[in-house]
Amino acid sequence: MIPVYMILLISLVGMGVLGVLGNQPRASKINVWFNAATLIVSLILALVVLEQGPVLSDDKLFYIDAFNVYLIALTALVGLTTSIFSGPYMENERRHGRLTGKRLQLYYAMYQGFMLAMFLVLTTNNMGFMWVAMEGATLATVLLVSLYRTPESVEAAWKYFILCGVGIALALFGTILLFIAAEQVQGLGSDGLTWTILFERASELDPAVLKIAFVFLLVGYGTKIGLVPMHSWLPDAHSEGPTPMSAILSGLLLNDALYAVVRSKMIIDKSLGTDEAGVLMMGFGLLSFLVAVLLLHRQRDIKRLFSYSSIEHMGMMTFAFGIGGPLATFAALLHMTVHSLTKSAIFVTVGHATQIAKTQRMQKIRGIVKTQPAVGWALVIGTLAIAGFPPFGVFVSEFLVLVATMKSYPWLTLPLLFGIGVAFAGLFRNLHPMVYGAAPQGQLAVEANMIPVYLHLVLVLWLGLAIPGALSGWFVQATQLISGGVPF
Amino acid sequence: MTWLLNLLQTLLFISLAPLLVGWIKWLKCHLQNRNSPPLIQPYRDLSKLFRKETVVAEQASWIFGMAPYIVFSVAVLATSIVPLIAVHLPTAVMADVIVLVGFFALARFFQALAGMDIGTAFGGMGSSREMTIASLAEPAFLMAVFTLAVSASTTNLSAAIEYNLLHPQDIRPSYAFAALALALVAVAETGRIPVDNPATHLELTMIHEAMILEYSGRHLALIEWAAHIRLMIYGVLLANVFVPWGIAQEISLPALLEGTGMIIAKLALLGIFLAFVETLLAKMRLFLVQEFLGFAYLLGVLGMLIHIIMEVGN
Amino acid sequence: MVIVQPDHYPQLITLLASLIIFTAFMMLAQGKLITLINLFGLQGLLLAGTTAMVAQISGNHHLFISAGLTLVLKAIMIPWLLRYLVVRMGLHRVVDPVQKPIQILLFGVSLVVFSYYVTLPVVHLSTLATSNMLAVSLAGILLGMLLMISRRQAVTHVVGFMTIENGLFFSAVVSTHGMPMVVELGVAFDVLVASVIFGVFFFHIRDSIDSLDVDQLNRLREENE
């Protein structure tokens with residue numbers, strides 16, 4: 001239990017320290033150190049859970065099992081690598097006059113605040129507290145989206161705030177309904193929001209109420225996942241906010257919202273016995289997937305392009321969790337990991353590409369590979385990875401999803417294949433001129449630390465070729481927890 | 001015996017109506033720091049009109065001549081069914097709210113036709129405005145009444161009042177909404193500020209008055225009296241249905257006296273309230289009346305919903 | 001304190017709940033910003049009163065703390081903050097016109113009916129006396145959303161958002177006699193921080209588009225790519 005408290009404490013202290021020291025040049029290094037500390041502690045936690053099994057705190061407020069422990073480690077890792085990238089990036093922005101010292105203070109403080117909220121969502125056992133942390137994550141990032149204070153960014157931040165705020169209010173109603181169902185069962189009382197207890201006694205909860213509760217929870221948290229039709233905040237927030245923030249939003253927040261939905265689904269499935277919840281998730285997931293791949297083609301801004309790609313992948317993950325069987329769940333868990341790693345790497349690379357080209361419009365970005373080969377190649381490899389090219393990890397997870405769909409709903413593989421193809425076309429159609437076109441005069445390379453990016457891409461490659469035993473064991477344990485069976 | 005009592009109640013109703021109007025006028029004048037006519041002025045006006053010559057235009061049809069009588073007799077019929085001082089009277093069986101709405105509609109129909117009968121522009125304008133307002137006010141009225149009817153499981157006024165008397169200490173929000181809706185409708189239907197100014201002399205702003213511009217003599221007297229009676233009917237509806245304490249439930253002299261005293265007191269209070277409203281508010285423009293009545297309808301619907309959602313047991 | 005019969009509490013709660021819905025409708029019809037904020041404050045006051053009454057009949061004494069928190073936060077602090085911002089921005093003479101008021105109000109009524117229909121299975125389940133208020137609370141939430149959809153000024157959007165939070169709090173109070181204290185405190189904290197951030201936002205919006213009419217925040221449309 002101590003590692004859990006340590007993680008939370010580190011982020012909290014980091015928020016305070018950076019709030020004060022954020023405008024100094026060494027703030028980025030302090031940020032990196034805090035993130036490194038959380039990564040180390042989370043890895044220790046992972047080892048503990050791997051050996052001892054699930055850990056429950058005494059006041060039943062915190063619970064770590066196979067499902068969330070790897071997400072915690074993933075969050076810490078992506079947080080660390082993004083902070084390494086964000087140091088020089090933000091300094092560059094400050095030099096170009098787009099950010100002031102005060103705003104950097106806010107940025108660094110809210111970075112840690114966001115990490116704190118993410119860890120709270122992942123570690124808490126109380127569904128109500130999970131909601132509070134999720135809303136906290138929204139609040140931490142909303143001022144970051146409008147960091148550049150342009151009219152577009154203010155609009156994006158406003159849209160983000162209102163849409164996510166309203167969406168998450170619906171999720172709170174779902175949580176309250178869950179509590180109502182729990183209170184009817186004898187002896188639950190104020191434990192009615194504790195996930196472990198709810199999961200244990202799920203069969204005693206009234207199915208009708210849980211159905212309604214799940215709809216609200218899905219729509220509410222689904223807004224934060226970026227499911228269509230609640231997705232319109234996502235492209236705006238990703239394109240207008242600073243790039244490190246896009247990276248952590250895409251890599252972490254979407255995952256954690258999906259985690260919240262899946263935790264709720266576990267309770268509902270145990271109570272209902274049928275797969276109605278799964279069908280709902282499949283519907284939303286497939287819809288998001290198809291709409292996103294089609295809208296991908298209309299984008300002119302590079303960050304919006306990749307944010308629609310995020311919506312597409314989150315849709316596929318929701319779809320896979322919705323199918324529900326062990327194979328699909330394993331695929332979805334793997335996909336969560338590799339998508340998080342790849343997408344954050346891509347956004348980092350895109351950030352550097354936009355700094356080189358001084359614009360976000362894809363029409364004006366040319367010849368990246370000639371100007372700075374490290375960035376150019378990273379962009380190519382990253383896009384290959386996210387489009388689902390073998391032997392990257394995304395290929396493996398998408399393949400597994402297709403196999404699972406063919407087993408249970410064979411006719412749904414057609415839209416999936418169609419979508420994957422369309423997304424591939426959309427991404428490469430835009431990528432090719434950007435990377436290989438003739439570089440305009442006077443385009444200079446920027447100071448960039450590409451090591452985190454390559455680290456991510458190598459990890460994704462590794463996961464595609466041969467998942468290490470420990471990680472695979474983790475996934476299998478989590479799959480067993482969620483779907484009740486083993487994949488292979 | 002009870003039939004006699006019924007007749008007496010009707011007579012009392014009819015004779016008190018001008019007094020209520022006189023009371024409201026007296027209050028308004030004093031609120032506006034003017035000298036008021038005496039309280040019995042409406043009686044004097046009515047008797048003056050009865051003695052005057054009735055002038056009828058040459059192009060008038062039989063509707064023009066018959067309308068005042070129809071309107072007045074409908075008003076009298078309506079008074080006989082609305083419980084004024086006692087609930088168990090013989091006509092109470094007929095005292096269905098829908099019947100009341102029907103009575104009002106009948107009177108309004110003939111009055112509107114009479115307004116258009118002569119062929120003057122103002123008459124037609126008044127009739128069309130009156131019908132517009134009625135078409136908006138009637139649903140609101142019915143909604144407010146339905147809330148009441150759903151609680152009491154009957155549309156009979158007498159039975160509804162008795163039901164309310166059974167549970168006097170109940171705090172019912174649905175009633176509050178229904179009463180407010182009914183009050184708004186009453187203001188619209190009786191032609192008081194803020195919907196229509198009864199004392200106006202500007203024809204283009206008139207609604208009710210415009211329809212009766214051509215009338216004189218005893219015709220005008222009957223129509224005016226019917227208008228007074230209508231105001232009193234709405235007042236009695238509001239007072240006795242929603243605040244029914246004091247109404248006589250048995251036919252005995254003390255109960256009847258108490259009933260009479262209580263209704264006079266309640267009407268006096270309502271008069272004070274109406275006088276304040278008329279003094280504080282200004283007449284609103286005609287196209288805003290639809291919002292006003294839409295709001296009344298909304299209140300009625302809300303009352304009904306609140307009743308269904310919250311007051312019906314699981 | 002007034003000595004009221006114990007069996008009057010459910011009726012008083014019914015009365016307060018109906019007044020809460022009434023204030024929601026009044027807000028839908030209201031164009032003046034200051035009156036809107038005052039109505040919101042009134043709603044917070046009614047909410048605090050209802051919570052206190054539920055605390056009395058259920059014996060859940062931590063609900064008294066919640067009631068106090070609601071009173072301070074939603075009836076006093078947030079309306080004060082919003083009023084201060086409105087005056088500071090010079091918006092107190094601005095009217096946020098209600099387009100098609102009758103249609104909006106009637107649609108609001110249909111939302112009330114809809115929420116009644118949706119919460120029927122839940123109401124049948126619960127054994128609490130106040131459980132039929134769940135429809136009222138969901139209606140409050142949906143009416144808050146309708147308020148946000150039907151208006152153009154940013155301040156109205158914030159009031160609508162806070163009304164949604166009011167509805168949520170109300171649903172927790174009447175259907176489960178309050179959520180665990182930890183959660184309630186967390187939610188209250190979130191609401192407070194949200195309102196502060198909204199305040200900061202108003203200045204940003206006004207600095208960028210020189211008005212708080214959020215219909216003018218439309219550069220990020222799909223066609224403008």
Side-chain angles (χ1 to χ4, degrees), chain A residues 61 126-129 131-133 135-136 138-140 142-143 146 149-159 161-162 165-166 168-170 172-173 175-177 179-184 189-194 206 208-209 211-213 215 232 235-236 239-240 295 298-301 304 361, chain C residues 62 118-122 124-128 131 134 137-138 141 144-145 148 154 157-158 160-161 164-165 167-169 171-172 175-187 189-191 193-194 196-198 200-201 204-209 214 216-220 222-225:
Chain A
L61 267 185
N126 186 315
M127 298 296 282
F129 213 63
W131 184 89
V132 173
E135 171 85 350
T138 313
L139 294 175
V142 81
L143 282 176
S146 67
R149 297 279 190 280
T150 61
E152 286 85 3
S153 65
V154 170
E155 177 189 340
W158 179 253
K159 221 164 154 181
F161 202 175
I162 295 284
V166 172
I168 224 167
L170 288 177
L172 183 59
F173 191 68
T175 315
I176 292 175
L177 282 177
F179 192 46
I180 292 176
E183 272 220 327
Q184 300 310 311
S190 66
D191 272 339
L193 280 177
T194 315
D206 184 280
V209 179
K211 255 191 266 191
I212 305 177
V215 173
S232 46
D236 295 342
S239 64
E240 297 301 325
L295 283 177
R298 291 194 58 185
Q299 302 311 315
R300 310 254 174 283
D301 178 308
R304 287 182 80 100
R361 307 223 38 110
Chain C
H62 80 265
V118 164
T119 54
L120 262 181
V122 185
H124 281 147
L125 172 71
S126 172
T127 52
L128 296 174
S131 61
L134 195 63
S137 55
L138 183 58
I141 297 172
M145 284 195 210
M148 287 173 81
H157 286 188
V158 174
F161 184 77
I164 296 179
E165 297 282 334
L168 285 168
F169 179 77
S171 67
S175 47
T176 61
H177 290 168
M179 289 197 285
M181 206 56 206
V182 132
V183 179
E184 299 240 347
L185 282 175
V187 174
F189 179 68
D190 271 342
V191 169
V193 175
V196 169
I197 296 186
F198 270 126
V200 174
F201 246 104
H204 291 177
I205 295 180
R206 199 186 51 161
D207 287 342
S208 82
I209 59 171
V214 290
Q216 296 180 17
L217 285 178
N218 56 6
R219 290 162 210 246
L220 288 177
E222 289 292 334
E223 308 86 51
N224 291 355
E225 301 260 277

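Numbers restart at 1 for each chain; the letters A, B, ... are given by sequence-line order, proteins then strands.
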Under a 4.5 Å heavy-atom cut-off, does chain C meet the side chain of [X], its backbone, both or neither?
| X | answer |
| --- | --- |
| A:Ala157 | both |
| A:Ile212 | side chain |
| A:Leu143 | side chain |
| A:Ala208 | side chain |

Non-neighbouring partners of A:Phe173 that pass ring pair (Phe, Tyr, Trp, His ring centres under 6.0 Å), sequence neighbours left out: A:Phe216
[X] versus chain A, the contacting section by heavy-atom distance below 4.5 Å:
| X | value |
| --- | --- |
| C:Val200 | side chain |
| C:Phe198 | both |
| C:Ile164 | side chain |

Specify the closest pair of heavy atoms between [X] and [Y], including all atoms of both residues, with the distance to one decimal.
| X | Y | result |
| --- | --- | --- |
| C:Gly160 | C:Met148 | CA-CG, 3.9 Å |
| A:Phe161 | C:Ala194 | CZ-O, 3.9 Å |
| A:Ile176 | C:Ser171 | CD1-OG, 3.3 Å |

Chain A shares the most heavy-atom pairs under 4.5 Å, among C:Leu138, C:Thr119, C:Val158, with C:Leu138
Just wondering, do A:Asp206 and A:Ile180 contact through their side chains at under 4.5 Å, heavy atoms? no
side-chain contact (heavy atoms from CB on, under 4.5 Å) between C:Asp190 and A:Trp131, worked out: CA-CA 10 Å; C:Asp190 271 342; A:Trp131 184 89; 3.8 Å; yes
What residues, two or more places apart in sequence or in another chain, satisfy side-chain hydrogen bond (donor to acceptor under 3.5 Å, both in side chains) together with A:Ser232? none
Quick check on the interface: out of A:Lys211, A:Glu135, A:Arg149, who has the most heavy-atom pairs with chain C under 4.5 Å? A:Arg149
